[in-house]
Protein chains: 2
Amino acid sequence: MNQRKISESTVRRLSLYLRLLRESGPSGTRVLSSRELAERTGSTSAQVRKDLSFFGSFGKRGRGYDVDELERTLAGILGLQQRWRVALIGVGKIGSALLGYGDLARRGFDIVAAFDIDAAKVGRHASGVNVWPLDELENVVRSHNVTIGIIATPPEAAEKTARRLADTGVAAILNFAPVKLSTPETVTVRTMDVALELEGLSFALTSERGNGAS
Amino acid sequence: MNQRKISESTVRRLSLYLRLLRESGPSGTRVLSSRELAERTGSTSAQVRKDLSFFGSFGKRGRGYDVDELERTLAGILGLQQRWRVALIGVGKIGSALLGYGDLARRGFDIVAAFDIDAAKVGRHASGVNVWPLDELENVVRSHNVTIGIIATPPEAAEKTARRLADTGVAAILNFAPVKLSTPETVTVRTMDVALELEGLSFALTSERGNGAS
DNA sequence: GGCTGTGAAGACCTTCACAGCC
DNA sequence: GGCTGTGAAGGTCTTCACAGCC
């Protein structure tokens, strides 16, 4: 496991390859070439081979990659042979959507506890997950062995929540609040921001006019 | 507006700069240096200056950037001086969350119509947006002059929905379904996938063990 | 013949470092 | 003195192209 620095884009693509392999599951093809993998994930064949080559040689020359084997290998690389225990902070609109989103559990991420500052939201959520008062965060996160936190609080509360999660020993945070979190380097943070993505689209549409849009 | 190829990361950072400028609004500082902009968005001062230099010279040497002026300039570059008319397809968990998410309107994106295949969801949504039967998509998208579509359907329906949006003349799609969309090149697509981000975190946590994690 | 694995080349992005201006 | 704007250097990521194997 002595691996060099793997880029974020490579990891993203590995996830896409894995998703494809899982979909072409039992009834799918037994072997896929780098070209097929590329076409169906929006990459190139050389890119696929390069991505995989950082971790070893998993293909068979002249044939391609064995679907089952590559699936297991990729799951291993991505750390998805284990299940991850996740805490959700903030049971508002986004939080509730996440609680009801079965794809997360299907892909190895169990939301084992949720928190909200609003007493009315405390109790058992429709999804079956328990919603705790925010005060209980440290206790419950520790007792449930949570390693990943999801921040779905209002932006004003995000920074403080991040600090509390970090102090409680959570190793990674997925942040839905449109703010920059200042966490210790030991915590890996990734932010998802719908408005930011829309702004990216806005830019693309705006600058198209400049060039001769076909 | 004869601009060269601007990278996606540059555009993302421009959005972050703009967000910061807007937050440090009326009561904020009148001038910000590239160093300040960088520190508060998680970038570097050279990066900030380079990003801006693709579009012109907006700073004052020895002083920095005028907040109001740079805010206007960035909004112009990103195409945010106009408002964007957005259609949402799929009023499930994610779709509802988006309808209730005021930040989108605040940042220039108005969801002017929503669609769902389920007759029970048709009618006026709590957010005030009208939910139409899916059959009406082409009519309503055209009559409302929609330019951006958000796909929040189940994965199986995403591809077909994308094609319909593309055929109806929508210029950009924000896709929440975990599938690769095959749309004509005239349509800009961006996909947001929570599980994919979590898998990125999973990888980071897993590969840390390999190195000597401090 | 077909396809992988991979050095080398090329494209792209970031950082450096400093001239130029306030 | 302080800060911008920017060529040049350095680094990273992608694509090419082909040797090696099935």
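Chain naming here is simple, since letters A, B, ... match the order of the sequence lines and numbering starts at 1 in each.
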Ranking A/Ser9 and B/Ser33 by the position along DNA chain D of their nearest nucleotide, the one closer to 5' is B/Ser33

With sequence neighbours excluded, tell me which residues meet side-chain contact (heavy atoms from CB on, under 4.5 Å) with B/Ser9. B/Ser7, B/Arg13

Any residue meeting salt bridge (Lys or Arg N to Asp or Glu O under 4.0 Å) with B/Glu197, in chain and number order, not counting sequence neighbours: A/Arg12, A/Arg190

With a 4.0 Å cutoff (strictly under), does any side-chain N or O of A/Ser34 reach OP1 or OP2 of C/dC3? no

Test of understanding: with side-chain contact (heavy atoms from CB on, under 4.5 Å), list the residues that count as partners of A/Val129, not counting sequence neighbours. A/Leu99, A/Ile111, A/Ala114, A/Ser127

Before you tell me yes or no, could you show the steps for B/Phe176 and B/Ile150 under side chain to side chain contact (heavy atoms under 4.5 Å, CB included), namely the whole-Å CA-CA distance, both residues' side-chain angles and the distance that decides it to 0.1 Å? CA-CA 8 Å; B/Phe176 283 89; B/Ile150 301 183; 3.6 Å; yes

Rounded to whole Å, NZ of B/Lys5 lies from P of C/dC12 at a distance of 8 Å

Roughly how many Å is it from CG in A/Leu52 to P in C/dG5, rounded to a whole number? 7 Å

In whole angstroms, how far is the C1' atom of C/dG2 from the CG atom of A/Leu37? 16 Å

For B/Asp167, side chain to side chain donor-acceptor pair (under 3.5 Å) partners two or more places apart: none

Which of parallel (below 30°), tilted (30 to 60°) and perpendicular (above 60°) describes B/Phe109 and B/Trp84? parallel

Please check: side-chain N/O of A/Asp193 versus main-chain N/O of A/Pro178, any donor-acceptor pairing under 3.5 Å? no

Output the single nucleotide from C/dG5, D/dT14, C/dT14 whose closest atom is nearest the side chain of A/Arg13. D/dT14

To the nearest Å, how far apart are B/Ile6 CD1 and C/dC12 C1'? 12 Å

Using a strict 4.0 Å threshold on nitrogen-to-oxygen distance, state whether B/Glu23 and B/Arg40 make a salt bridge. no

Any stems for DNA chain D, made of 3 or more Watson-Crick or G-U pairs in a row, each with both distances under 3.5 Å? C:1-22 with D:1-22

A/Asp51 or B/Gly59, whichever maps to the more 5' nucleotide of DNA chain D: B/Gly59

When rounded to whole Å, the CZ to P distance for the pair A/Phe54 and D/dT12 reads 12 Å

Rounding to an integer number of Å, can you tell me how far A/Phe55 CZ sits from C/dT4 C1'? 17 Å

For each nucleotide in nucleotides 15-22 of chain C, reading 5' to 3', give B when a protein heavy atom comes within less than 4.0 Å of its base, S when such contact involves only the sugar-phosphate, and - otherwise. BBB-BBBS

Measure CD/B/Glu69 against C1'/D/dT4 and give the value in whole Å, please. 14 Å

Listed nucleotide nearest any side-chain atom of B/Ser7, set C/dC13, C/dG5, C/dT4: C/dC13

Taking OP1 and OP2 of D/dG5, is either one under 4.0 Å from a side-chain nitrogen or oxygen of B/Tyr65? yes

Separation of atom CD in A/Glu8 from atom C1' in D/dT14, rounded to whole Å: 17 Å

Taking A/Glu39 for the side chain and A/Glu36 for the main chain, is one N or O donor matched with an acceptor at less than 3.5 Å? no

